[in-house]
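Every chain is numbered from 1 and lettered A, B, ... according to where its sequence line falls, protein lines coming before strand lines.
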Number of protein chains: 2
Amino acid sequence: MYLCVMYSSELVKGTLKTIVLKLLSETEKMYGYEITQKVKELTDSKIVITEGALYPLLHQLEAEGVVTTEIVNIGKRVRKYYTLTQAGNERAKEKLYEFADFINTMNILLDLKPTIKYV
Amino acid sequence: MYLCVMYSSELVKGTLKTIVLKLLSETEKMYGYEITQKVKELTDSKIVITEGALYPLLHQLEAEGVVTTEIVNIGKRVRKYYTLTQAGNERAKEKLYEFADFINTMNILLDLKPTIKYV
DNA sequence: TGCATATACATAATATTCTTATGTATCTTT
DNA sequence: AAAGATACATAAGAATATTATGTATATGCA
């Protein structure tokens with residue numbers, strides 16, 4: 001038994017679509033399980049996407065024409081790859097811009113200071 | 001009729017409690033309507049808190065012992081002031097810290113810069 | 001070799017949290 | 001005098017997530 005420091009679910013809730021679109025926008029094609037693992041890895045398990053949240057979202061994105069799918073057989077198992085459409089790429093950009101703007105507004109509201117990062 | 005550029009409701013959803021606690025932590029006491037106006041003002045109407053969301057939250061916070069209330073008569077009208085308890089101040093700090101950390105994680109995940117430092 | 005864990009999809013029941021609508025009432029501005 | 005602002009409150013409904021469940025294959029290890 002170990003302590004997993006995750007964020008309160010409310011916080012993460014509204015950002016799932018943004019996260020998924022961003023990942024798809026830079027990786028050409030990904031499948032559902034891969035997305036969950038990538039997010040887990042990149043966030044050091046601070047954000048964990050559940051399947052019950054992800055799959056319905058992916059289906060919704062497909063219905064909206066934001067992504068197209070491609071089913072690939074891996075041995076006897078099936079993988080469903082998702083690729084952004086052109087409209088999907090636009091959607092991803094919009095979502096990212098909106099989120100960045102939202103963070104700026106929240107910084108003002110909550111009085112958080114950005115720090116300069118020297119790499 | 002004018003165009004109000006607000007964020008998608010999903011985004012704002014999870015942050016209401018954090019916003020309210022932050023405002024209360026720096027203003028000693030506030031009433032509901034005042035909170036809605038303050039947020040509207042500070043965010044240039046980009047974030048608008050609805051009463052249907054705020055009042056139930058305030059009642060919940062009171063039930064949890066995070067705030068205490070004080071009813072004040074203004075003429076023939078009634079105002080209900082909310083003040084953070086000591087536990088409420090702790091809660092506010094926690095929520096702010098969590099949000100700052102969350103933003104940092106999202107920045108890494110979405111590849112946005114710079115990072116936010118909560119002091 | 002068998003059992004646990006990981007991979008990989010999916011959906012249903014439930015919970016949470018918000019929007020929208022409605023209700024009451026007073027105060028202020030035009 | 002009417003419209004809009006102030007000030008509270010709650011209920012119905014929508015959206016989006018959690019939790020639980022189901023199916024099936026693949027892999028690691030004891």
Side-chain angles (χ1 to χ4, degrees), chain A residues 1-2 4 6-21 29-41 45 47-64 66-67 69-82 95 99 102, chain B residues 1-2 4 6-21 29-41 45-64 67 69-82 95 99 102:
Chain A
M1 186 172 175
Y2 80 107
C4 183
M6 285 174 54
Y7 302 115
S8 61
S9 68
E10 321 136 32
L11 265 188
V12 187
K13 248 181 190 181
T15 57
L16 179 57
K17 196 182 286 181
T18 306
I19 293 171
V20 169
L21 290 176
K29 66 176 180 177
M30 293 181 86
Y31 54 100
Y33 186 77
E34 187 185 8
I35 293 175
T36 66
Q37 297 309 300
K38 191 77 182 172
V39 170
K40 208 171 174 178
E41 175 201 328
S45 291
I47 297 179
V48 174
I49 294 182
T50 61
E51 294 168 300
L54 180 62
Y55 290 120
L57 172 64
L58 289 173
H59 300 162
Q60 182 201 310
L61 292 176
E62 188 181 10
E64 289 170 1
V66 173
V67 295
T69 61
E70 177 194 353
I71 290 177
V72 175
N73 292 304
I74 306 291
K76 285 182 182 175
R77 257 196 320 215
V78 180
R79 259 186 211 163
K80 199 167 172 184
Y81 278 96
Y82 291 84
K95 270 296 188 184
F99 188 77
F102 175 66
Chain B
M1 187 170 173
Y2 79 106
C4 183
M6 284 172 56
Y7 302 114
S8 61
S9 66
E10 319 136 31
L11 267 187
V12 187
K13 247 181 190 182
T15 57
L16 180 57
K17 196 182 284 182
T18 306
I19 293 171
V20 168
L21 289 177
K29 65 176 181 178
M30 294 182 85
Y31 55 99
Y33 187 76
E34 188 185 9
I35 293 175
T36 66
Q37 297 310 299
K38 191 77 182 173
V39 170
K40 209 171 174 178
E41 178 201 327
S45 291
K46 285 180 175 178
I47 297 178
V48 175
I49 294 181
T50 61
E51 294 167 302
L54 180 62
Y55 289 122
L57 171 64
L58 288 173
H59 300 162
Q60 182 201 312
L61 291 176
E62 188 181 10
E64 289 171 0
V67 295
T69 62
E70 178 193 353
I71 290 176
V72 176
N73 292 304
I74 307 291
K76 284 181 182 175
R77 257 195 323 212
V78 179
R79 257 186 212 164
K80 199 168 172 182
Y81 278 96
Y82 291 84
K95 270 295 188 185
F99 188 76
F102 174 66

Distance in angstrom units between [X] [atom1] and [N] [atom2], rounded:
X: B/I71; N: C/dT26; atom1: CD1; atom2: P; answer: 16 Å
X: A/K13; N: D/dT19; atom1: NZ; atom2: P; answer: 11 Å
X: A/I19; N: D/dT16; atom1: CD1; atom2: C1'; answer: 14 Å
X: A/K80; N: C/dT11; atom1: NZ; atom2: C1'; answer: 13 Å
X: B/N73; N: C/dT26; atom1: CG; atom2: C1'; answer: 12 Å
X: A/L11; N: C/dT16; atom1: CG; atom2: P; answer: 17 Å
X: B/I35; N: D/dA7; atom1: CD1; atom2: C1'; answer: 13 Å
X: A/Q37; N: C/dT7; atom1: CD; atom2: C1'; answer: 8 Å

Check every atom of [options] against the side chain of [X] and return the nucleotide holding the closest atom.
X: B/R79; options: D/dC8, D/dA17, C/dA10; result: D/dC8
X: A/Y33; options: D/dA5, C/dC9, D/dT19; result: C/dC9
X: B/K76; options: C/dC9, C/dC27, D/dT10; result: C/dC27
X: B/Y31; options: C/dA10, D/dA9, D/dA7; result: D/dA7

Which atoms form the tightest heavy-atom contact between B/V39 and B/I49, and what is the distance? CG2-CD1, 3.7 Å
Can you name the nearest heavy-atom pair linking A/Y82 to A/H59, along with the distance? OH-CD2, 3.7 Å
Is the shortest side-chain N/O distance from B/H59 to OP1 or OP2 of D/dC8 below 4.0 Å? no
Should A/Y55 be listed as having a side-chain N or O under 4.0 Å from OP1 or OP2 of C/dA10? no
With a 4.0 Å cut-off on heavy atoms, is [X] in touch with a base, just the backbone sugar-phosphate, or nothing at all?
X: A/R77; result: base
X: A/G52; result: base
X: B/L57; result: nothing
X: A/E51; result: base

Return whichever of A/I74 or A/Q60 has its heavy-atom-nearest nucleotide of DNA chain D closer to the 5' end. A/Q60
Going from CD on A/Q60 to NZ on A/K17, what distance comes out if it is rounded to the nearest 0.5 angstrom? 4.5 Å
Test A/V67 against A/L58 for side-chain contact (heavy atoms from CB on, under 4.5 Å), laying out the working first. CA-CA 8 Å; A/V67 295; A/L58 289 173; 5.7 Å; no
Distance-only donor-acceptor check, side chains A/E41 and A/Q37, under 3.5 Å: no
